[in-house]
Amino acid sequence: MSSEYAKQLGAKLRAIRTQQGLSLHGVEEKSQGRWKAVVVGSYERGDRAVTVQRLAELADFYGVPVQELLPGTTPGGAAEPPPKLVLDLERLAHVPAEKAGPLQRYAATIQSQRGDYNGKVLSIRQDDLRTLAVIYDQSPSVLTEQLISWGVLDADARRAVASHEDS
């Protein structure tokens, strides 16, 4: 494995870990010692080669597909990612539960999984929006308009959804 490839792989590993709000020691604790902080850190720095088997196990631990960890595998090959979908949780709290109940429960579940309780905003993925669209029995673009009208999503979300539907 080339040194540059190892560094790119390490950067992907670090990005996934930090997205999940884990420190290196947090990984060791959460894995009950299965993943030593020093080993994961050396993978992330590119100082230590990771076997395919260990990479698959680490991907499973993080709950992501292996290809998400491999360098050069940006989804859709887009050079610039679409704008993020950011829910305004403070405004969501003021939307009547009969309208926003499913979204409120979904957002609470994501917060719980991420350990992210800042209570102000929550980034969601395109896949989350598609799942919510199924729950609300609407297309992602129609649901996006609904969420914008509630003041829960910024109008920039239209661009994110449109760019994703075009691909």
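Both V38 and V50 are assigned to one and the same hydrophobic cluster, defined by single-linkage of ILVMFWY side chains at heavy-atom distances under 4.5 Å. Linking Ile, Leu, Val, Met, Phe, Trp and Tyr residues whenever their side-chain heavy atoms come within less than 4.5 Å leaves L89 and V86 in two separate clusters. In the hydrophobic clustering of this structure, L147 groups with I135; members are Ile, Leu, Val, Met, Phe, Trp, Tyr whose side-chain heavy atoms approach within less than 4.5 Å, directly or through other members. Linking Ile, Leu, Val, Met, Phe, Trp and Tyr residues whenever their side-chain heavy atoms come within less than 4.5 Å leaves L129 and V134 in two separate clusters.
For the salt bridge (charged side-chain N to carboxylate O under 4.0 Å, His left out) condition, the pairs that include at least one residue of residues 136-147, sequence neighbours left out, are E145-R158. Within the structure, every pair that satisfies the salt bridge (charged side-chain N to carboxylate O under 4.0 Å, His left out) test and touches residues 90-101, not counting sequence neighbours, is listed here: D88-R91, E90-K120.
Side-chain atoms of T18 do not come within 3.5 Å of backbone N or O of G21 as any donor-acceptor pair. Remark: the backbone N or O of L103 is paired with a side-chain donor or acceptor of Y136 at under 3.5 angstrom. Distance alone, capped at 3.5 Å, places no donor-acceptor pair between the R114 side chain and the Q20 backbone.
Annotation: side chain of L122 is not in contact with side chain of L92 (no heavy-atom distance under 4.5 Å).
Partners of A59 according to the side chain to side chain contact (heavy atoms under 4.5 Å, CB included) rule, which considers only residues two or more places apart in sequence or in another chain, are V64, V66, L69. Residues passing the salt bridge (Lys or Arg N to Asp or Glu O under 4.0 Å) test with D47, sequence neighbours excluded: R45. Annotation: salt bridge (Lys or Arg N to Asp or Glu O under 4.0 Å) contacts of R14 (sequence neighbours excluded): E44. Listed by chain and residue number, T109 satisfy the side chain to side chain contact (heavy atoms under 4.5 Å, CB included) test with Q113 (two or more places apart in sequence, or in another chain). For R125, the salt bridge (Lys or Arg N to Asp or Glu O under 4.0 Å) criterion is met by no residue, not counting sequence neighbours. With sequence neighbours left out, the side-chain hydrogen bond (donor to acceptor under 3.5 Å, both in side chains) criterion links Y62 to no other residue.
Nearest heavy-atom pair across V95 and Q104 is O-NE2, 3.6 Å. The two residues A133 and P140 come nearest to each other via the heavy atoms CB-N, 3.7 Å.
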Exercise for the section: With salt bridge (Lys or Arg N to Asp or Glu O under 4.0 Å) as the test, would you mind laying out the steps for K7 and E4 before giving the verdict? Expected result: CA-CA 5 Å; K7 287 186 185 335; E4 185 56 35; over 6 Å; no
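Going from atom CD of Q126 over to atom CG of L85 covers 5.0 Å, rounded to the nearest 0.5 Å. The structure places CZ of R17 at 10.5 Å from CZ of F61, a figure rounded to the nearest 0.5 Å. Between the CG atom of L58 and the OH atom of Y43 there is a distance of 7.5 Å, given to the nearest 0.5 Å.
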Using distance only, find each side-chain donor-acceptor pair of residues 24-32 under 3.5 Å and give its atom names and separation, not counting sequence neighbours.
| unit_1 | atom_1 | unit_2 | atom_2 | d |
| --- | --- | --- | --- | --- |
| E28 | OE1 | A37 | N | 2.8 |
| S31 | OG | V27 | O | 2.9 |
| S31 | OG | E28 | O | 3.2 |
| S31 | OG | R34 | N | 3.3 |
| S31 | OG | W35 | N | 2.9 |

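With L87 as the partner, the side-chain contact (heavy atoms from CB on, under 4.5 Å) test is satisfied by one option alone out of I110, V121, L153: L153.
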